[in-house]
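Notes to accompany the following structure.
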Amino acid sequence: MEAERPYNFFFRFEDLRIYNKALDYVAWVYANSKHFPNSEKNGIAARFLCVAQSIGINIAEGSGRNKPQFVYYLKLAKSSIRECMVLTTICQRLGFLNEKGVEESRCFLIEMTKMTGALIASLVRQDKPSECVDDEEYYTQPNGNVL
């Protein structure tokens with residue numbers, strides 16, 4: 001009999017390293033956007049926070065679906081990661097992030113891109129049938145006769 005998972009890990013996506021890294025990045029964005037000018041609290045700071053949050057949200061949303069849909073949501077998460085890189089660059093050019101902040105953001109984003117890509121590749125690999133398949137279903141003709 002399989003041991004029950006603790007209540008705080010009921011949702012499978014909570015076990016994903018990429019999901020937890022995305023939450024770490026959200027915390028980083030919150031901490032760093034506090035230093036943005038007050039005039040930007042509802043501008044680029046709000047956009048940055050929203051896009052950073054969408055990385056984890058897409059991972060969670062996709063994890064409850066079938067594999068092709070999960071891959072789709074992971075690709076949406078990768079799009080949000082790229083958008084965060086653009087926002088990082090904009091914040092740098094406007095003087096809202098210093099070199100250290102830009103490097104920290106870039107490191108988070110590169111790591112999340114690699115992790116998401118690896119998870120996508122793993123899911124896609126699992127869906128491809130092996131060339132040496134012994135399952136009867138792969139040798140069944142459309143009329144139901146087994147070859």
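The first residue of the sequence shown is numbered 1, and numbering continues consecutively from there.
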Mind checking whether [X] and [Y] sit in one hydrophobic cluster, side chains of I, L, V, M, F, W, Y counted as touching below 4.5 Å?
X      : Y      : answer
Leu49  : Leu94  : yes
Leu123 : Met115 : yes
Val86  : Phe108 : yes
Tyr72  : Val51  : no
Ile81  : Val71  : yes

Verdict with reasoning, Lys100 to Glu104, per side-chain contact (heavy atoms from CB on, under 4.5 Å): CA-CA 6 Å; Lys100 180 183 178 220; Glu104 288 174 352; 3.2 Å; yes
Pairwise distance [atom1]([X]) to [atom2]([Y]) - rounded to 0.5 angstrom:
X      : Y     : atom1 : atom2 : answer
Met112 : Asp24 : CE    : CG    : 9.0 Å
Ser33  : Leu87 : OG    : CG    : 11.5 Å
Asn58  : Phe70 : CG    : CZ    : 10.5 Å
Gln126 : Lys67 : CD    : NZ    : 4.0 Å
Leu16  : Phe11 : CG    : CZ    : 13.5 Å
Cys50  : Glu83 : SG    : CD    : 8.5 Å

Please examine the side chains of [Y] and [X], heavy atoms only from C-beta on, and report whether any two atoms are closer than 4.5 Å.
X      : Y      : value
His35  : Phe96  : no
Arg106 : Thr88  : no
Ile120 : Lys78  : yes
Leu23  : Ile55  : no
Cys107 : Glu111 : no
Ile90  : Ile44  : yes

Does the side chain of Tyr25 pick up a donor-acceptor pair with the side chain of Gln53 at under 3.5 Å? no
Under the 3.5 angstrom rule, does the side chain of [X] hit a backbone N or O of [Y] as a donor-acceptor pair?
X      : Y      : answer
Lys114 : Leu109 : no
Ser105 : Val102 : no
Lys41  : Phe36  : yes
Asn20  : Glu14  : yes
Thr116 : Thr113 : no

Would you say Asn42 has more than 12 foreign heavy atoms packed within less than 6.0 Å of its CG? no
Would you say that more than 12 heavy atoms from the other residues, nucleotides or ligands in this model lie under 6.0 Å from the OH of Tyr73, or not? yes
Considering all heavy atoms of both residues, which atom of Val26 and which atom of Ala52 are nearest to each other, and what is their separation? CG2-O, 3.5 Å
Where does the angle between the aromatic ring planes of Trp28 and Phe48 fall among parallel (under 30°), tilted (30 to 60°) and perpendicular (over 60°)? perpendicular
Using the rule given for side-chain contact (heavy atoms from CB on, under 4.5 Å), can you reason through Ile18 versus Ile59, listing the C-alpha separation, both sets of side-chain angles and the distance that settles it, and then say yes or no? CA-CA 8 Å; Ile18 180 59; Ile59 293 164; 3.6 Å; yes
